[in-house]
2 protein chains.
Amino acid sequence: MEAADRIGQASASLTPAERRVAEVVLEHPQLVAFGTVADLAEQSGSGAATVVRLATKLGFDGFTALQASVQHDLARQLRPAAERIREPAATDAIANHLSLELDNVRATLSSLDGGALSDVVSHLADVGRRVFVLSGDASQGVAAQLVADLSALRDRVLRIGGNDVAVRRQVALLEPADVVLMLDLRRYDRWVIDAAREARRVGVWAVAVTDSLLSPLAAVADRTLVVAAAGGGPFDSHVGTLALFNLLVAGVADRLRTAVTDRLDRAEAAWQGSGSLSDR
Amino acid sequence: MEAADRIGQASASLTPAERRVAEVVLEHPQLVAFGTVADLAEQSGSGAATVVRLATKLGFDGFTALQASVQHDLARQLRPAAERIREPAATDAIANHLSLELDNVRATLSSLDGGALSDVVSHLADVGRRVFVLSGDASQGVAAQLVADLSALRDRVLRIGGNDVAVRRQVALLEPADVVLMLDLRRYDRWVIDAAREARRVGVWAVAVTDSLLSPLAAVADRTLVVAAAGGGPFDSHVGTLALFNLLVAGVADRLRTAVTDRLDRAEAAWQGSGSLSDR
DNA sequence: TCGTCGATGGAACAACAGTTCCGATCATAC
DNA sequence: GTATGATCGGAACTGTTGTTCCATCGACGA
């Protein structure tokens, strides 16, 4: 998209008001294509002059040229898709992945049982219990994402990992009141299964996030959440798993609402004070 | 479609010239939505007055009303999902998250430009270059997932992170032939922006994965991939980002096919030998 | 053949929208 | 604290566009 590209190019040299207009252009292209300068100005809380200035700054010959460009893009976008297909050769791969990942998310979330979900959330939101996350090697990233998000909401969320010795020590130190979330997909990591069995022996409450109810993790878990992980490349896709984790995190945040807002406010204050976050 | 319906309704009572205009309206709606009375008149070989007369005869309050109706239809057609799905919210948490995450995946992958994608994949698949991944704190997990997957396909994939001192050292040691992938969403981490700017100064080829073309990362990147990250909980969702990463990984695997199969075979042999993986 | 009526497009008009200019305001630096 | 510069929005201006009016053309009937 011509206009979008130019906005990205010039984003560094935009004034605050121009930036507000540019955001509206990116988010509501129809407003540019169908609307007027005044409409854009109102929507972005700026003046008409600023809108025109942005258009010229982007290299267009006035607002009219910018509008024509956006109209052109929009018209191309709503061609009956039959014509769109032949444009880039890569479209096939994109469309293929798109349907694959959509299926993963859909299958994972819609096969979810409400009762099981709220049971898992309850355990994860129980601040009296420690939460441990155990993940196979291939899913370390999403596991880390879960641990990070949960840690922002509550204390004592820990990842079991490192070398074999460290894992054995961490598992040995589990207590019956703890909660452990175990994540692994087919071609299960031996050490994960071993750790899971040992955890079960200790008597902790365990939830398995895995690809089948026949998984060895499901056998030793109190609850099992099944994820779809069909991948278009050489590896499994953890998109569905991550969507599930987001749902769990949102659930925990909801249960701990008052405590969470307090935690997040304090973190926010710390960030504000140090200026370590930036809106732009 | 309102206008089309009314044309069908009134088709019997249309004069020859009006009929020509009506045909243009049906076949080239963009001309009505984006064009003027004069454009329509010229295209249909009639006069401006005839165009206006048709509009009023169809029950519209002048051409402007007809145009607004066509624009409305086109705008609705342009958004297959984005705003249509958001309407029936507030049902239950699972369905809400489901539509949200589906939108994230859909918006992220379908807004992708085939050319940009293959350019990024080419750089990531260039084994002559080192690949560095730089990520904001909130997305460390998915970044780690990308690094792990890429590392399985090729050597010299490294994550820039750790404490501030370590980051500065790693960035300072970048070379012009390197490739850096920068990932961060709104409320950008100051240190990520600083590191990205420094990397740009060094002259490395950079791709930004971020939430807007107005992101500070986009300003210093050679390519920018925009992701949708609407979250149902307190945090952003990285589901769309992970889907995009899967696509990148699959692309890299495809480019390096022969080398990759060899690598994976050797890893497979190692796992087989040690029995560290299990089917059940 | 002439007159009447509907159809049609060109031209005038009025409203609107894009552009430009300028004064006010804010931030910044000295 | 003052001065300078950038930034911004309101208002005048000008070009464009939708609308309306009217002269012309053609068909049909007397």
Side-chain angles (χ1 to χ4, degrees), chain A residues 2-3 6-7 10-25 28-72 74 275 278-280, chain B residues 2-3 6-7 10-25 28-72 74-75 214 216 219:
Chain A
E2 187 67 23
R6 295 198 191 182
I7 288 177
S11 68
S13 65
L14 295 182
T15 69
E18 287 170 347
R19 174 173 295 264
R20 289 201 305 274
V21 178
E23 282 170 6
V24 176
V25 173
H28 304 289
Q30 322 96 3
L31 205 60
V32 184
F34 300 136
T36 69
V37 171
D39 294 334
L40 255 184
E42 185 188 8
Q43 186 69 26
S44 61
S46 65
T50 303
V51 174
V52 177
R53 270 192 293 264
L54 173 69
T56 58
K57 187 177 270 188
L58 292 180
F60 293 103
D61 185 17
F63 172 80
T64 307
L66 165 66
Q67 189 180 49
S69 171
V70 175
Q71 286 177 350
H72 187 269
L74 250 53
S278 164
D279 278 337
R280 54 190 184 88
Chain B
E2 189 66 23
R6 296 197 190 181
I7 289 177
S11 69
S13 64
L14 294 183
T15 69
E18 286 169 350
R19 177 172 297 268
R20 289 200 309 275
V21 177
E23 283 170 4
V24 176
V25 172
H28 304 288
Q30 315 99 356
L31 205 61
V32 183
F34 300 136
T36 69
V37 170
D39 294 334
L40 255 183
E42 185 188 11
Q43 185 69 26
S44 59
S46 64
T50 303
V51 174
V52 178
R53 270 193 291 268
L54 172 68
T56 58
K57 186 177 272 190
L58 292 179
F60 293 105
D61 187 16
F63 172 78
T64 307
L66 165 65
Q67 189 179 49
S69 171
V70 174
Q71 285 178 349
H72 188 268
L74 250 54
L214 290 174

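Not measured: the values here are computed from a predicted model. Numbered from 1 within each chain, the chains take letters A, B, ... in sequence-line order.
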Rounded interatomic separation in angstrom, taking [atom1] from [X] and [atom2] from [N]:
| X | N | atom1 | atom2 | result |
| --- | --- | --- | --- | --- |
| F63(B) | dT19(D) | CZ | P | 8 Å |
| K57(A) | dT19(C) | NZ | P | 16 Å |
| L66(A) | dT19(C) | CG | P | 10 Å |
| E18(A) | dT7(D) | CD | C1' | 9 Å |
| R53(A) | dC8(D) | CZ | C1' | 6 Å |
| Q67(B) | dT17(D) | CD | P | 11 Å |
| D39(B) | dT16(D) | CG | P | 13 Å |
| E42(A) | dC8(D) | CD | C1' | 17 Å |

Using OP1 and OP2 only, check whether a side-chain N or O of [X] sits under 4.0 Å from [N].
| X | N | result |
| --- | --- | --- |
| T15(A) | dA6(D) | no |
| R20(B) | dG9(C) | yes |
| T50(B) | dT8(C) | no |
| S46(B) | dT8(C) | no |

Of the candidate nucleotides [options], which contains the atom at the shortest distance from the side chain of [X]?
| X | options | value |
| --- | --- | --- |
| A49(B) | dT8(C), dT20(D), dT19(C) | dT20(D) |
| T64(A) | dT19(D), dT19(C), dC21(D) | dT19(C) |
| T36(B) | dG18(D), dC8(D), dT19(C) | dG18(D) |
| V52(B) | dG9(C), dT19(D), dG18(C) | dT19(D) |
| A48(B) | dC8(D), dG18(C), dT19(D) | dT19(D) |
| V37(A) | dC21(C), dT8(C), dT19(C) | dT19(C) |

Rounded to the nearest 0.5 angstrom, the NZ-CD distance for K57(A) and E18(A) is 3.5 Å

To the nearest 0.5 Å, atom CD1 of I7(A) lies from atom CD of E2(A) at 11.0 Å

Salt bridge E23(B)-R19(B), side-chain N to carboxylate O under 4.0 Å
no

Q: Pick base, sugar-phosphate or nothing for A17(A), based on heavy-atom distances below 4.0 Å to the nucleic acid.
A: sugar-phosphate

For A22(B) and L54(B), the nearest pair of non-hydrogen atoms, with its separation, is N-CD2, 3.8 Å

- Message: Tell me whether Q30(A) at atom CD has more than 12 heavy atoms from other residues, nucleotides or ligands lying less than 6.0 Å away.
- Response: yes

